[in-house]
2 protein chains.
Amino acid sequence: MAVTIKDVAKKAGVAPSTVSRVIADSPRISIDTKKRVRKAMKELGYHPNVNARNLAVRSSKAIGVIMPSSAETALQNPFFPEVLRGVGTVAHETEYSLYVSTGGNDQQLYEEVKRMVYGHRVDGIILLYSRMNDAIMDFLVEEKFPFVVVGKPYENEASITYVDNDNISASKEVTRHLIDFGHKDIAFIGGTTDLVVTTDRFEGYKQALIEAGIKVREDYVINDEFNRTSGKKAVEKLLKLKIPPTAMVITDDMMSLGVINMLEEFGLDCPEDISITSFNNLYLSEITRPPLTTVDIQIYKLGIQGAKCLIEQLQTKDEPAKRVIVPFSIKYRSSTKRFEP
Amino acid sequence: MAVTIKDVAKKAGVAPSTVSRVIADSPRISIDTKKRVRKAMKELGYHPNVNARNLAVRSSKAIGVIMPSSAETALQNPFFPEVLRGVGTVAHETEYSLYVSTGGNDQQLYEEVKRMVYGHRVDGIILLYSRMNDAIMDFLVEEKFPFVVVGKPYENEASITYVDNDNISASKEVTRHLIDFGHKDIAFIGGTTDLVVTTDRFEGYKQALIEAGIKVREDYVINDEFNRTSGKKAVEKLLKLKIPPTAMVITDDMMSLGVINMLEEFGLDCPEDISITSFNNLYLSEITRPPLTTVDIQIYKLGIQGAKCLIEQLQTKDEPAKRVIVPFSIKYRSSTKRFEP
DNA sequence: CCTTTAAATATAAACGCTTACATGTATATG
DNA sequence: CATATACATGTAAGCGTTTATATTTAAAGG
């Protein structure tokens, strides 16, 4: 069996509690004993058992990261590794460990969260998505378990700490850009409608159109998963319309990629025939043909801020609910063009 | 405080040990009591405390995933999320949790591994890289801690369980493809030389050249990190040579991406002016211009197999060291072309 | 030199679970 | 009917920490 606090105590000729205090660097222990104990620890190669510690202090110094059900598909979109990267950085600095969800379906993910929470596996949770009527978020609220969400909560907005972009403005701005370029038939390709990010971005799109006196056409609005295939399918649908759009506001780079591919299959050129704007500024948005005009939402920073908020919440009791808005910027590249009939 | 096994016991009118046995679904408990106890658990909303359990059984039902130091940079290359995805799938099926390293530098990563191991945070570890004289691997061997590596161990190959591709053959085949196309001046752009994957792929490249009676030129060999910038820098160097290569064997898609970008900056066309082959078959290799001829190493499967091996190892004592070779296949796309002087 | 007070360390009771062993009860055996 | 044999459950001792409380020791005060 591994060396325990008792072995160290024996070797150093002190009580286990003293060793424990040395570990915690308590001021109640004299310098001398500290030295002696530390020496004993070194010599025996002592390392604390986290489980025992966690049990005693009822905490785990670990945070759980929850990706949309089936991390399997989630990890396909570089958005998640990138937030994870941000979260990891902060976790590392603050010496927290990272537990990541492994997915499956909604039900399984829910079970996993319960295990994390009830099982005291993690001290807090970062939710990497936000949608309406989410059982997991409800559960966390109900249990009063510390968590922050990356994205805007569907309800209880005021009492939940979250980090987000100003998606409405971003979407509005990008849509206006298209309008400024003379486009009037502008489609919207968004994520599934249960996601708050989708509704926000749609809202911005709508506002821009309305302000420009353009009617919002239902058949110009398509919602689906954030992936390539969805982008492709969306194009197929849109091009079938009597009046196909001349521009598209797309809310995810992976989707945009699919859109570009499909346009090509249809023999259409972007931006010559159709202009598109995108969201996320994944590195891939620079390498597509054409490079995408996209909203840089600073994914990495979202992760950093999310983790920071959570850890503050964990460390100071009764930390008030916070909201942090990470600024976006639009990367103008070459996927849009002035409309010439 | 949360509801414990004792509360359940009291409510069901049994001893705590009985409750524990019900949880473990021991055959020693009668159906009747099981029902009664389960009912009590439901009613009280009981959930086991993992820390207590782990402490008692000295295990954690969690596996650690170690990415190269600084997950920060690691996560930039889609390779890692993709293995993670595979690992996650298996972890999920077998109800293991996933602990991921958060990086920093080599030293910090080493500390983190020690914390995982000594602290009983995880039952086993998956190493997502393999390089020579790696302190972490040495440590795990030394401690006889269960682990598997994704990649080929630098030493103790026979006694360590690992999953890998046949990188030598893959590289050889892809190089031969270039040779068959009439290329003679073929450069090699690989990862850092401490990585086993780099030496293996270089070996295959070398063998192919030698078998074709082509001399291996030192100035045609460049080694650097697996990322875009490295690819760019490599091109800059190679094009400065008196006899610049007409083809390149590149060992990573991200690098290839950099290569393509830089060639373009130099006004060179791939494959018209220079042919390249790549490795990994990341989704991005389909969307570059031109789409890359690349080795599909089946990253997801590497993850699946790695996790499977580890879990087998954990579940059956004295599981022998295994080696699993995930087959590769070459995706012939359009980044290579017959050499026409 | 005895009493106070402060500083340093020890004792022991948690934390919530598992499990070897002990105990009790019902059934089968001769 | 006494005894052996299962079967079902209870008892209690860990697992390795932390921490409130108690105890010892040393310094200070009168």
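Values below: all heavy atoms of this structure, side chains included; hydrogens, waters and symmetry mates excluded. Being a predicted model, the structure only gives us computed values, none of them experimental.
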Mind calculating the distance between CG (Asn49(B)) and C1' (dG16(D)) to the nearest angstrom? 14 Å
Non-hydrogen side-chain atoms of Phe139(B) and Val117(B) separated by less than 4.5 Å: yes
For nucleotides 8-10 of chain C, which of its nitrogen or oxygen atoms have a protein nitrogen or oxygen under 3.5 Å away, and what is each distance?
residue, atom, partner, partner atom, Å
dT9(C), OP1, Ser30(A), OG, 3.3
dT9(C), OP1, Thr33(A), OG1, 2.7
dT9(C), OP2, Ser30(A), N, 2.9
dT9(C), OP2, Ser30(A), OG, 3.1
dT9(C), OP2, Thr33(A), OG1, 2.8
dT9(C), O4, Arg28(A), NH2, 2.6
dA10(C), OP2, Ala15(A), N, 2.6
dA10(C), OP2, Thr18(A), OG1, 2.7
dA10(C), N7, Ser17(A), OG, 3.4
dA10(C), N6, Arg21(A), NH1, 3.4
dA10(C), N6, Arg21(A), NH2, 3.1

Answer with base, sugar-phosphate or nothing: what part of the nucleic acid does His47(A) contact at a heavy-atom distance below 4.0 Å? sugar-phosphate
Without decimals, in angstroms, what is the distance between Arg115(A) CZ and dC17(C) C1'? 17 Å
Ile23(B) atom CD1 is separated from dC17(C) atom C1', nearest whole Å, by 8 Å
Centroid-centroid distance, Tyr118(A) to Phe145(A), less than 6.0 Å: no
Is any side-chain N or O of Tyr118(B) closer than 4.0 Å to OP1 or OP2 of dG16(D)? no
Sidechain-backbone polar pair: Asn51(A) side chain, His120(B) backbone, donor-acceptor under 3.5 Å: yes
Is any side-chain N or O of Thr4(A) closer than 4.0 Å to OP1 or OP2 of dG16(D)? no
Over how many whole Å does the gap from Ile5(B) atom CD1 to dA12(D) atom P extend? 17 Å
Taking the side chain as C-beta and beyond, is there a heavy-atom pair between Phe147(A) and Val141(A) under 4.5 Å? yes
Shortest non-hydrogen contact from Tyr99(A) to Val122(A)? CD1-CG1, 3.5 Å
Quick one: Lys6(A) NZ to dA13(D) P, roughly how many Å, whole number? 13 Å
For Asn54(A) and dT19(D), what is the distance between atoms CG and P respectively, to the nearest whole Å? 12 Å
Nearest-Å distance for atom pair CG/P, residues Asp7(A) and dC15(D): 11 Å
Heavy atoms from other residues, nucleotides or ligands near NZ of Lys10(A) exceed 12 (cutoff 6.0 Å): no
I'd like to know if Glu111(B) pairs up with Arg115(B) as an ion pair, taking the criterion as any Lys NZ or Arg NE/NH1/NH2 lying under 4.0 Å from an Asp or Glu carboxylate oxygen. no
To the nearest Å, how far apart are Arg58(B) CZ and dT18(C) C1'? 9 Å
